[in-house]
2 protein chains.
Amino acid sequence: MADTELDERKVKILNAIIKNYLETGEPVGSRTISKYTDLNLSSATIRNEMSDLEDLGYIVQPHTSAGRIPSDKGYRFYVNNLIAEKDKEVSDMQEWMIEKTEKMESLLKNVAKTLANNTQYATLVSAPSVVSNKLKFVQLSAVDEHQVLSVVVMDGNIVKNKIINVEKPLDNETMLKLNMLLNTNLNGLTVDQINLALITKLKEQAGIHDEIIAQVLDTVAETITEGDDLQVYTSGATNIFKYPELADSKKASELLDTFEEKQSLMELLSDSTSEGDNTGIQVYIGDESPISTMKDCSIVTATYELGDGVKGTIGIVGPKRMDYENVVDNIKSLKGQLDKLLKQEADRNK
Amino acid sequence: MADTELDERKVKILNAIIKNYLETGEPVGSRTISKYTDLNLSSATIRNEMSDLEDLGYIVQPHTSAGRIPSDKGYRFYVNNLIAEKDKEVSDMQEWMIEKTEKMESLLKNVAKTLANNTQYATLVSAPSVVSNKLKFVQLSAVDEHQVLSVVVMDGNIVKNKIINVEKPLDNETMLKLNMLLNTNLNGLTVDQINLALITKLKEQAGIHDEIIAQVLDTVAETITEGDDLQVYTSGATNIFKYPELADSKKASELLDTFEEKQSLMELLSDSTSEGDNTGIQVYIGDESPISTMKDCSIVTATYELGDGVKGTIGIVGPKRMDYENVVDNIKSLKGQLDKLLKQEADRNK
DNA sequence: TGTTAGCACTCACTCAATTGGAGTGCTAAT
DNA sequence: ATTAGCACTCCAATTGAGTGAGTGCTAACA
């Protein structure tokens, strides 16, 4: 693992520097390291090594005659080592969720919340993208003379509804027929597969009541397609005030803005779904982040799956000196639970 | 309107002080006022008057030999005058909402957003409280063998749904009977009226299938009752960084926490629904606020109605030196539009 | 040749003293 | 009743000395 440019001692020192900095948030000096570590070396020797490490770009000095802090490259090295090594104990998390499957929305809100509580960082969770998700159930019902309620249930019990205004009341028979039509034709299909052609075909089959039904069908299609892009739940955004390096007015304001404007967060999450590595866990450090306002942060994301195809994402945003071990642990465990939960949900529906 | 303790000149000076402070956010001195206003008085005279105003409690000095800033009492005086006088022009707002009635949720989110944009303060909007709201439509449908979807529509097209897990599949006939039972008994009732007694009665009527149906009924009741307390939409929380007196780390963190933890916001809003005055607009200044973390802020709330009984609330939170005129204008206009919109909605459903 | 001790140097940070300016309160004159 | 003038107060910004943590370099050492 160790690059050729780093001998074992340098690695040890680098690790010591980073570990220490993660704890304190202060630049760490040569004397500290010389006492802190088991390799008995004087501060002077450490200084020489640190000088080398700085030349190699793993650590930087905020100013002359200050201690060193890890550079992005340094963090990256640390994280790579960490994730490769560590893969054993999975922290036990609360089991509350198992019972609360009924509503995807509240489940995800809870996930975001507990994760934020556990880690003390800001978290975000995106709802499973509906695009490659299967339709399970469609139903239209007349609420009153001029309004029809359409309810759509997707795999994973994601429920969507929409009220459709109609000119003339639909009689019971038509209603029944429509429901039949929709369910037999749409059930089990993914949103991808429900395209214009299919809709047109349905319209034709609907036959006589063409006008009204066309309108209804359009709206149903809309219901299924729309709005699933904004589903991001965040929590613990204010945790960033706990880290002085992020808490100054300007940075905090920008960051919180980004969190409030969930749109841009989507980019972050969708970005990470594409280039997932084997573990499904992604770490962005500083400038590596796709969002510029987060260039002073680190971001850890994981994607969880539901049935086939990649779906939703969990993310944690914190200072660069975040406790990567703990975070990766937490997020990994959570991802596992979500995967299991949703899979079992899917199985049950078979 | 002018209290006996304030002669006309004092009122003018007080107004000048407050207006100036609203703009600058800096303590305002006697010389500024002497030049700023049309009443030609020397700074010395102003000083005397200011001294009086301070004794009367309308303004305070942050420290000796600084200018004066309005006290809560001063703001209160200003606001009272303002709201009484001003009632003419209602600023024209975007008309986008008219078309978007279908989904209460997105409507309210939009309201919060535009309001935040227009005023540059933090806003919160609570969904119409369902408590005194009428049930319009209930429906159970079998999604698959073990899951039943219950959909409840309330007045104002608030849709709630919940998935109920059942042991044994329910056959079509039972389903139909259940739906009938629910709709005939519950339609038109308010949540208040759906109490334990009624539920028990329903269970009895359900008869044979007692066990399963009891479970379903319980869940439906739960669906109706639950969760409507958390429906608060916020926007523009980060606007507080625009006002230095709120932007320091500690205060900002507390405030944003309060905004994230929507629960406590509910108190604020529900509080204001109770003691609405004639216009339905409430202004809390500083310590008057029911939430302690907001004691450095002012809060303007308005309640909008839907049919009979008080329902939802719109609120704005900003610094004490907020632009009350503009805010009250905005909020009043918005309240009017919401009232109208929801009323017309209600009418159409008659 | 790698390691260490020692020393001079740098730089941020703290604290106190200094200064300038904005603003007040009071008094005496109009 | 109003105003001009002056002494006074207090904040805010500036300066400068002192401190300490940390570095880089050199020379000695094993």
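The chains referred to below are lettered A, B, ... by the order of the sequence lines, with proteins before strands, and numbering in each begins at 1.
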* Under 4.0 Å: is that the gap between some side-chain N or O of B:R9 and OP1 or OP2 of D:dA1? -> no
* Structure fact -> Its contact letters, B for base, S for sugar-phosphate only and - for none at protein heavy atoms under 4.0 Å, make nucleotides 25-30 of chain C read B-----
For [X], ring-ring contact (aromatic ring centres under 6.0 Å, His included) partners two or more places apart:
| X | result |
| --- | --- |
| A:F241 | none |
| B:Y21 | none |
| A:F259 | none |

* Structure fact -> Atom CD1 of B:I59 and atom P of C:dT24 are separated, to the nearest Å, by 9 Å
Treating [X] as the side-chain partner and [Y] as the backbone partner, does any N or O pair qualify as donor plus acceptor under 3.5 Å?
| X | Y | value |
| --- | --- | --- |
| A:R321 | A:E26 | no |
| B:T119 | B:L115 | yes |
| A:Y324 | A:K320 | yes |
| B:S289 | B:G286 | no |

* Asked: For DNA chain D, which residues in residues 18-43 of chain A have a heavy atom at a distance below 4.0 Å?
  ->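 Hits under 4.0 Å, by residue number: A:G29, A:S30.
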* Asked: Of A:T45, A:D55, A:L14, A:I59, which is the lone residue that meets side chain to side chain contact (heavy atoms under 4.5 Å, CB included) with A:M50?
  -> A:I59
* Does A:K113 NZ have over 12 foreign heavy atoms under 6.0 Å away? ->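 No.
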* Whether A:F77 and A:Y58 hold their rings parallel, tilted or perpendicular, with breakpoints at 30° and 60° ->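 A:F77 vs A:Y58 ring planes: perpendicular.
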N/O-N/O pairs, protein side and nucleotides 11-15 of chain C side, under 3.5 Å:
from	atom 1	to	atom 2	distance (Å)
C:dC11	OP1	A:T64	OG1	3.4
C:dC11	O4'	A:S65	OG	3.2

